[in-house]
2 protein chains.
Amino acid sequence: MSEDDSRSAKPGKRATINDVARVAEVSKKTVSRVINQSPFVREDTRERVQAAIDELGFVPDPQARGLAFRRSFLVGMIYDQPSPTYVVNMQQGILDALKGSGFELVVHPCSRNSPTLLKDIRGFVERQRLFGVIMPPSVSEDDSVIELLQELDCPYVRIASLALDEPQNMVVTNDWIGAAEAAQHLADLGHRRIALVRGLASFRSSVVRGQGFIDALAERGIDIPAAYDLQGAYTYESGVEAGHALLSLPEPPTAIFTLNDDMALGVMQAARERGMELPRDLSIVGFDDLPMAARVWPNLTSVRLPIRDMGRMAAEKLLAPTRGVDPAKLQQPEVRPALVVRRSAIPLG
Amino acid sequence: MSEDDSRSAKPGKRATINDVARVAEVSKKTVSRVINQSPFVREDTRERVQAAIDELGFVPDPQARGLAFRRSFLVGMIYDQPSPTYVVNMQQGILDALKGSGFELVVHPCSRNSPTLLKDIRGFVERQRLFGVIMPPSVSEDDSVIELLQELDCPYVRIASLALDEPQNMVVTNDWIGAAEAAQHLADLGHRRIALVRGLASFRSSVVRGQGFIDALAERGIDIPAAYDLQGAYTYESGVEAGHALLSLPEPPTAIFTLNDDMALGVMQAARERGMELPRDLSIVGFDDLPMAARVWPNLTSVRLPIRDMGRMAAEKLLAPTRGVDPAKLQQPEVRPALVVRRSAIPLG
DNA sequence: AGGCGCATTGACACCGGTTTCCTAAGCCGC
DNA sequence: GCGGCTTAGGAAACCGGTGTCAATGCGCCT
């Protein structure tokens, strides 16, 4: 009762819904209605309650609320992605969207080939009663995981390079266009003997990017012979290997496009091990635009995906229902990659 | 009452403490005692309850438990670190330690110079009633944040290169030795004109690493003139700048040690912009051993810190009380860095 | 035998919200 | 002016666990 300056949260204890109810002279249920934006509160009552909330600096306890709702205010991010940059940027984007909403982000790396994958995820989702989960590739492409989430009745948003699901559950990246831009760039530079190093076939992105590249080159009358179309594994080492394979051909390519940056660096390494000078003897374009793309020599030309934005959009989709937005129709601004031109690909000369 | 096959969690609903109590024929309070390892339960009772728990596949609800405990089962990681590799590895380490404990990791990036830093952290910790937080540099070195956490009575573990706090609140890395090893390596290679590019002065690690390097060189009779001791900012760009400054000296160094890898790459860039060939014309050693250290050309010799282990150790310290381990004495295996020798530093010739 | 102290256990309120059910008031048409 | 319908708001149970405190039973002491 002995209020010090009541401005906001000074005293040791935080205000509860009962305090608010007392100050606003209503029942706690009415306060609850205001918090949850129930339409069954008269305008003046709502204002009185809101004033009390502000005065006391009241913030509802997520644990108590979650207990009653039987659903927590935690968003999970489940990923099996090895690239730290991707993961951190996506976390950032998700947090951008979560900021101020009272939701928090819980991270959960996993391994798709672990025998306990489903058990782990089930435990994670069920025990914490997650509000929803966000998944980047490649977990986002795992049917058994999706089935599990549906069975658990856990909302989710998948980030992938193909529309694998209902729109409200997807953030789709246009990897096809990104690869096509890379193709156009190399063709414009005058290259004709162009090779492609793909990623793990189990990633949709590898298929989509590969197709975009091939389609765009075909449009310009360039085609990629089988010997120039290699399967990598999205790893640096596989890039080194592919690089050697391509550069030891009787008629080696003058340009190589790899479906991620790690492999691009591997190709660079291979070229150097063979005594080639870059970019003079070989043009290289990567995909991802990792920070190191701008730091290696020669600075790597690469396709950038707006990872952070993608994370933000995914979280916004997940939270849409809480903002009263219809589940189905969030206009989704297409996620477009952009070619970042640096110095690793130069005109054929 | 109509029990189907009671084996384990088949039915849609998860078992509650009441179900367990009924099956074990005890009160829910006794079940609670078993869950919380209270010593006041007779052995045969404990076994009976445990059997019921196993049979029903009962897992206590963290929200309900947290509500009653007035403390959640969430561990926060607060960081302001720009390096994704560092962040992700540390998350991994923390999760290693959390696995199976029922705790989850909530991430919270922040900016130390944001005017709302303290307000944000207060909100985060207070609202979620975090069990504890883990902080890597440089938040871990921010006195105002630490004060806030103490005021909030929130357990924390700081990761830093100096013992800034009680042992149970610290995981200390021996950056001094890491830098000393780099110094020894360069000296052993025959270098005498050796330069140092430091990081942001506001990072303790910069001071400690710098000191380790200088001390170890001094021990070998080599000293670093002022013109060879530059202040960088832990960024690539500052590395480029420092590189140019050093290499344009009348008598440039033959080797440069930068206090992180980003700056090492910057120095490489500068050297190349000046037409130098690496590593022939300049030896370079970095610190951090980021993945790209192994991918750039020439492969960068660097000092590696066991980030993941550090994260694991930090989480173990935080959880020690819950495992009945005395707060004060966890024998802390010293965190030792290791020099990873690659090809960017070669004998002076 | 009676009393004491300890080891165990349960009844009941409580954590901080939400939901269910119900009441009373306001408003309509007749 | 009255019944019926809609709406604002309250009482009490409930979400799934924990704390407090008292009750029970038992061995041991004098």
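Throughout, protein chains are lettered first and strands after them, A, B, ... in sequence-line order, and every chain is numbered starting at 1. Side chains are part of it too, since the values below use all heavy atoms of this structure and drop only hydrogens, waters and symmetry mates.
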ask   = Where the side chain of S27(A) is concerned, which of dG10(D), dT18(C), dG17(D) is the nearest nucleotide?
value = dG10(D)
remark   = Taken to the nearest whole Å, CZ/R42(A) to C1'/dA24(C) is 12 Å
query = Taking atom CD of E43(B) as the centre, does the number of heavy atoms from other residues, nucleotides or ligands within less than 6.0 Å exceed 12?
reply = yes
key: Candidates dT9(C), dG10(D), dG16(C) - which lies nearest the side chain of R33(B)   = dT9(C)
inquiry  = Nearest whole Å is fine: how far is dC26(D) P from D44(B) CG?
reply    = 13 Å
key: 5' precedence on DNA chain C between T16(A) and T30(B) (nearest-nucleotide basis)   = T30(B)
message = If I take atom CZ in residue F73(B) and atom P in nucleotide dC15(C), what distance separates them, rounded to the nearest angstrom?
response = 18 Å
task = Let me know the distance between CD of E25(B) and P of dG10(C), rounded to the nearest Å.
result = 10 Å
key: Length of the line joining R65(B):CZ and dG16(C):P, which is rounded to integer Å   = 18 Å
ask   = Hey, does the side chain of T45(B) come within less than 4.0 Å of dT8(C)'s phosphate (OP1/OP2), counting only N and O?
value = no
inquiry  = When you measure from the side-chain N and O atoms of S32(B) to the phosphate of dT18(D), is any distance below 4.0 Å, counting only OP1 and OP2?
reply    = yes
Nucleotide of dG19(D), dG10(D), dG16(C) approaching K29(B) most closely (side-chain heavy atoms) = dG19(D)
ask   = With a 3.5 Å cut-off and no angle check, do the side chains of Q91(A) and Q91(B) form a donor-acceptor pair?
value = yes
request  = Go through dG9(D), dG16(C), dG10(D) for me and flag the one nearest to the V26(A) side chain.
outcome  = dG10(D)
message = At less than 3.5 Å, do the side-chain atoms of K28(A) and the base atoms of dG16(C) form a donor-acceptor pair?
response = no
Atom CD of Q150(A): over 12 foreign heavy atoms under 6.0 Å = yes
request  = Name the nucleic acid region contacted by N18(B), choosing base, sugar-phosphate or nothing; use a 4.0 angstrom heavy-atom cut-off, strictly under.
outcome  = nothing
query = Given atom CZ of R129(A) and atom P of dG16(D), what is their separation to the nearest angstrom?
reply = 6 Å
key: R312(B) with D96(B): basic N within carboxylate O range, under 4.0 Å   = no
task = Measure the distance from CZ on R70(A) to C1' on dG16(C) and round it to the nearest whole Å.
result = 15 Å
ask   = Is there a donor-acceptor contact under 3.5 Å linking the side chains of S138(B) and D80(B)?
value = yes
request  = Report the nucleotide, chosen from dT8(C), dC15(D), dT19(C), that has the shortest atom-to-atom distance to any side-chain atom of F40(B).
outcome  = dT8(C)
task = Looking at every strand, decide which applies to V41(A) at a 4.0 Å heavy-atom threshold: base, sugar-phosphate, or nothing.
result = sugar-phosphate
message = Taking the nucleotide of DNA chain C with the nearest heavy atom to each, does I35(A) or A64(B) sit closer to the 5' end?
response = A64(B)
query = In whole Å, what is the span from the CZ atom of R71(A) to the P atom of dT19(C)?
reply = 13 Å
